[in-house]
Amino acid sequence: MLDLIILSLHFFICFLISVAIWSRPEDVDLCSSSTGTVEVEPDGLILIGKEDDIKKSQRITAKVNGREVVVFYHEGKFHALDSRCYHEGGPLRLGEIEDINGQACIVCPWHKYKITLETGEGLYEGINPLEPSATPQWQSKGVKQRIHKVTIDNGNVYVSPPDLSVSFDSDYFADKYKNSGDLAMEK
């Protein structure tokens, strides 16, 4: 009888833990990310924030023409790209940056897709089955994520509005959540 009570208590505790995990906010910002205030300059550039502030936080998320953009500061360079992953809309602002074959890549926290910060290329590790020693090699899927031009002027960081005459896979999720009014990145 005591075993049955202990087993029931164990299942009840596991149930409570699973409810607590599933009911928490999906994307709690664990990174040192902040939301930028956006101002449009006369030349069309959009002010994202102060250079020193972004260097300290390493990343900042802001709206650029209604779409969510994340600006990263990594190894002395600023990079801006659509904040939602091209694959399923995962919050890239919460991802880790990894070096893959000499390229800085953001790793989507949802499905571990790897995207170069410099070009927006999607990378995957694959093998050529025709090679006798089939060693995994990093391959490009092509440019999947829209990147945005970053300009630094007088201690301020600006992002150019996107050129929508060319489309990218990440545009789907940028449009889906455009003008949502919330940078919280709900799933």
Side-chain angles (χ1 to χ4, degrees), residues 21-40 44-49 53-54 57-74 77-101 103-126 138-151 157-187:
I21 289 171
W22 286 103
S23 66
R24 71 174 171 79
E26 199 56 40
D27 292 317
V28 177
D29 189 354
L30 301 176
C31 302
S32 57
S33 174
S34 59
T35 302
T37 58
V38 179
E39 297 175 25
V40 179
L45 294 177
I46 295 149
L47 175 65
I48 301 299
D53 294 340
I54 299 171
S57 68
Q58 302 290 301
R59 58 187 73 190
I60 188 170
T61 306
K63 291 276 189 168
V64 174
N65 289 3
R67 71 195 296 140
E68 297 169 352
V69 173
V70 61
V71 177
F72 293 101
Y73 178 74
H74 180 71
K77 290 183 179 179
F78 287 92
H79 307 275
L81 52 149
D82 284 349
S83 67
R84 294 182 179 268
C85 179
Y86 71 90
H87 172 242
E88 285 290 330
L92 296 180
R93 69 181 175 93
L94 299 177
E96 296 294 323
I97 296 175
E98 288 183 9
D99 180 70
I100 298 174
N101 282 353
Q103 298 181 83
C105 295
I106 186 70
V107 179
C108 180
W110 284 1
H111 302 111
K112 307 305 179 210
Y113 275 56
K114 290 154 180 57
I115 303 163
T116 64
L117 293 178
E118 196 75 33
T119 64
E121 282 180 275
L123 299 180
Y124 71 98
E125 200 168 25
W138 286 102
Q139 309 287 327
S140 173
K141 297 178 186 178
V143 177
K144 301 289 188 176
Q145 195 76 22
R146 181 179 295 279
I147 60 169
H148 303 268
K149 183 177 183 239
V150 178
T151 304
V157 177
Y158 299 90
V159 171
S160 299
D163 172 11
L164 299 176
S165 66
V166 179
S167 65
F168 296 92
D169 291 2
S170 66
D171 290 340
Y172 173 78
F173 291 102
D175 290 340
K176 182 176 179 177
Y177 295 100
K178 190 172 186 174
N179 297 319
S180 66
D182 181 21
L183 295 170
M185 310 276 185
E186 66 253 2
K187 189 172 181 180

Trainee: Which atoms form the tightest heavy-atom contact between Gly90 and Cys108, and what is the distance?
Mentor: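 Closest approach of Gly90 to Cys108, heavy atoms only: CA-SG, 3.8 Å.
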Trainee: Are any non-hydrogen side-chain atoms of Leu164 and Asn65 less than 4.5 angstrom apart?
Mentor: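 A side-chain contact under 4.5 Å is absent here.
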Trainee: Ser83 and side chain to side chain contact (heavy atoms under 4.5 Å, CB included): which single residue from Val70, Leu92, Val64 fits?
Mentor: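 It is Val70; the other options fail the test.
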Trainee: Of all the heavy-atom pairs spanning Phe78 and Val71, show the shortest one and how long it is.
Mentor: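 Minimum heavy-atom contact is CD2-CG1, 4.1 Å.
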Trainee: Is a side-chain donor-acceptor pair under 3.5 Å present for Glu121 with Ser140?
Mentor: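 Yes.
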Trainee: Return the minimal non-hydrogen interatomic distance between Ala80 and Val69, and the atom names on each side.
Mentor: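 Shortest heavy-atom separation between Ala80 and Val69 comes out as CB-CG1, 4.1 Å.
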Trainee: How long is the span from the CG atom in Asn101 to the CH2 atom in Trp138, to the nearest 0.5 Å?
Mentor: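 The CH2 atom of Trp138 is 8.0 Å from CG of Asn101, to the nearest 0.5 Å.
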Trainee: Hey, are the side chains of Phe72 and Leu81 touching, using non-hydrogen atoms and a 4.5 Å cut-off?
Mentor: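 Answer yes - side chains close enough.
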Trainee: Check whether any side-chain heavy atom of Lys141 lies under 4.5 Å from a side-chain heavy atom of Tyr86, and answer yes or no.
Mentor: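 Yes; the side chains approach each other to less than 4.5 Å.
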Trainee: Tell me if a side-chain donor or acceptor on Glu118 pairs with a main-chain N or O of Ala104 at a distance below 3.5 Å.
Mentor: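 Flag not set: sc Glu118 to bb Ala104 has no pair under 3.5 Å.
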Trainee: Where do Ser160 and His148 come nearest, in terms of heavy atoms and distance?
Mentor: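 Closest approach of Ser160 to His148: O-ND1, 4.0 Å.
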Trainee: If you define the side chain from C-beta out and look only at heavy atoms, does anything of Leu123 sit under 4.5 Å from Gln103?
Mentor: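 Contact flag for Leu123/Gln103 side chains = yes.
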Trainee: Looking only at heavy atoms, what is the nearest atom pair of Ile147 and Thr119, with distance?
Mentor: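 Nearest pair, atom of Ile147 first, then Thr119: CG2-C, 3.8 Å.
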Trainee: Does Lys114 use its side chain to pair, donor to acceptor, with the backbone of Lys112 at less than 3.5 Å?
Mentor: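 Yes.
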Trainee: Report the residue from Asp169, Asp163, Asp171 that forms a side-chain hydrogen bond (donor to acceptor under 3.5 Å, both in side chains) with Arg146.
Mentor: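 Testing Arg146 for a side-chain hydrogen bond (donor to acceptor under 3.5 Å, both in side chains) against Asp169, Asp163, Asp171 leaves exactly one candidate, Asp171.
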Trainee: Check the angle between the aromatic planes of Tyr177 and Phe173 and answer parallel, tilted or perpendicular using the 30° and 60° thresholds.
Mentor: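 Ring orientation, 0 to 90° scale: parallel.
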Trainee: So which atom in Leu45 and which in Tyr158 form the shortest heavy-atom distance, rounded to 0.1 Å?
Mentor: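 Smallest interatomic distance, heavy atoms only, reads CB-CB, 3.9 Å.
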Trainee: Within the structure provided, determine whether Cys105 and Thr116 are in side-chain contact (heavy-atom separation under 4.5 Å).
Mentor: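 When only atoms from C-beta onward are counted, Thr116 and Cys105 do touch, with a gap below 4.5 Å.
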Trainee: Are Gln139 and Glu125 side-chain neighbours, meaning at least one heavy-atom pair lies under 4.5 Å?
Mentor: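 No - every pair of side-chain heavy atoms lies 4.5 Å or more apart.
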Trainee: Within the 4.5 Å heavy-atom criterion, are Arg67 and Asp82 side-chain neighbours or not?
Mentor: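 Side chain of Arg67 against side chain of Asp82, heavy atoms only: contact under 4.5 Å found.
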